[in-house]
Every structure is written in C-alpha cells, then in structure tokens.
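In what follows, every chain begins at residue 1, and chains take the letters A, B, ... in the order their sequences are listed.
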Amino acid sequence: MPKSYWLMKSEEDVYSIRDLERDGKTSWEGVRNYEARNLMRDKMRVGDEVLFYHSNATPPGVAGLARIARKGYPDPFAFDEKSRYFDPRSHPDEPRWFMVDLEFVEAFPRMVSLEELRSTPGLGEMVLWKRSRLSIQPVTREDFGIIRKLGLRS
DNA sequence: GCCAACGTTGGC
DNA sequence: GCCAACGTTGGC
C-alpha cells in the first residue's frame with residue numbers, strides 16, 4: 001500500500017508547527033466534521049505524510065511537514081464532559097468522532113503562503129481551492145512534492 | 001471584526 | 001426529504 005498525502009490545518013495561535021516541534025508528537029483531537037472524520041478513521045495510515053497548514057495566520061499557509069504516527073482511533077475528548085470537545089452523542093461503544101496522532105517532521109525554513117500556493121503553476125487542482133474550509137484534505141503526491149520543494153528552498 | 005461560504009440541525 | 005435557520009471556518 002503506497003503512502004498517502006494530506007493537508008491538515010491548525011490555527012497558528014492554537015497549535016503551530018513550533019508547538020509540534022516542541023512536543024514531537026501530538027493527538028489530533030477535536031475534529032467535528034464528518035468528512036474529515038472519515039479521512040482520519042478510514043484512510044490515514046501510519047507513515048502518511050502531512051502538510052501542516054497554519055490557518056487564521058498572517059499570512060496563512062503551509063508551515064512544515066508532519067507524519068501520521070497512529071491511525072484513526074476514537075477521540076476520547078468527545079466522552080469527557082469537561083472538554084470543550086465533549087459531544088454527548090458520541091459513546092465509547094459507538095464512537096462518533098475519531099482522531100489520529102501526528103509526529104513532527106520539519107518546520108519549513110520558509111513558509112509557503114496561501115498566496116504563493118495560488119500562484120504556483122501545477123497546484124490548480126488542490127482540494128483547497130474548492131473545499132477551502134475542510135480542515136483535513138487529501139493532497140496528491142505531485143502537489144505534496146511541489147509544496148515541499150517550495151518550503152525547503154531557502 | 002466582517003462576512004462569504006458552506007456544513008449541520010431540526011421543523012415540517 | 002426539503003430547506004431555512006443557524007453556527008463555524010477562515011481569508012481578508
């Protein structure tokens with residue numbers, strides 16, 4: 001099974017690539033969108049590569065790379081009444097929400113802004129353009145390669 | 001802070 | 001099952 005590529009968004013001031021670098025690894029709790037849930041639950045595999053995207057940032061864009069460290073499993077925060085991610089409709093025996101674990105790969109020496117993504121030839125088919133609000137989206141191997149190269153170029 | 005886009009909820 | 005109301009995302 002070849003690996004897959006993803007783009008995952010995080011608000012920069014909530015959890016940034018630097019936070020992931022510090023932690024080394026983190027769990028991706030709190031996703032409450034069914035399509036994103038399905039991708040984590042059904043499609044992501046350990047070793048898949050991730051573009052770590054800063055949303056609500058100035059500027060927004062891809063800030064680095066991460067990797068899937070654990071495949072989809074029930075989001076325990078949905079069961080925790082004290083959590084802001086609590087959802088009474090999710091039960092341990094029939095969990096509604098799933099998450100994955102993510103590990104740090106690298107922070108780009110140069111973040112690739114949304115504007116740059118827009119103006120880069122070859123990236124015209126990204127899911128980002130049509131499904132801009134989806135916080136977890138598939139990326140083609142080719143697009144991943146283009147963006148990685150842009151980010152690592154100093 | 002504004003607001004367009006769009007996913008979700010709930011009445012019917 | 002439709003669809004209006006509502007809430008959230010995320011760029012600007």
Parallel, tilted or perpendicular, as decided by the 30° and 60° cut-offs, for the rings of A:Y85 and A:F77: perpendicular

Sugar-phosphate, base or nothing in reach of A:T58, heavy atoms under 4.0 Å: nothing

Sugar-phosphate only, base, or nothing, as touched by A:R131 at under 4.0 Å among non-hydrogen atoms: sugar-phosphate

What is the distance, rounded to the nearest whole Å, between atom [atom1] of [X] and atom [atom2] of [N]?
X: A:E12; N: C:dT9; atom1: CD; atom2: C1'; answer: 16 Å
X: A:M111; N: C:dG11; atom1: CE; atom2: P; answer: 10 Å
X: A:H54; N: C:dT9; atom1: NE2; atom2: P; answer: 17 Å
X: A:W129; N: C:dG11; atom1: CH2; atom2: P; answer: 10 Å
X: A:E35; N: C:dT8; atom1: CD; atom2: C1'; answer: 16 Å
X: A:I136; N: C:dG10; atom1: CD1; atom2: P; answer: 11 Å
X: A:N56; N: B:dC2; atom1: CG; atom2: P; answer: 16 Å
X: A:M8; N: C:dT9; atom1: CE; atom2: P; answer: 15 Å

So, [X] side chain and [Y] main chain: donor-acceptor pair closer than 3.5 Å or not?
X: A:S10; Y: A:Y15; value: yes
X: A:D75; Y: A:E29; value: no
X: A:S119; Y: A:E116; value: yes

Salt bridge flag under 4.0 Å for residues A:R18 and A:E21: yes

C:dT9 phosphate, OP1 or OP2, under 4.0 Å from A:K9 side-chain N/O: no

Any A:Y53 side-chain nitrogen or oxygen under 4.0 Å from OP1 or OP2 of C:dG11: yes

A:N33 side-chain proximity, nearest of B:dT8, B:dT9, C:dG11: B:dT8

Distance-only donor-acceptor test (3.5 Å): side chain A:R133, base C:dT8: yes

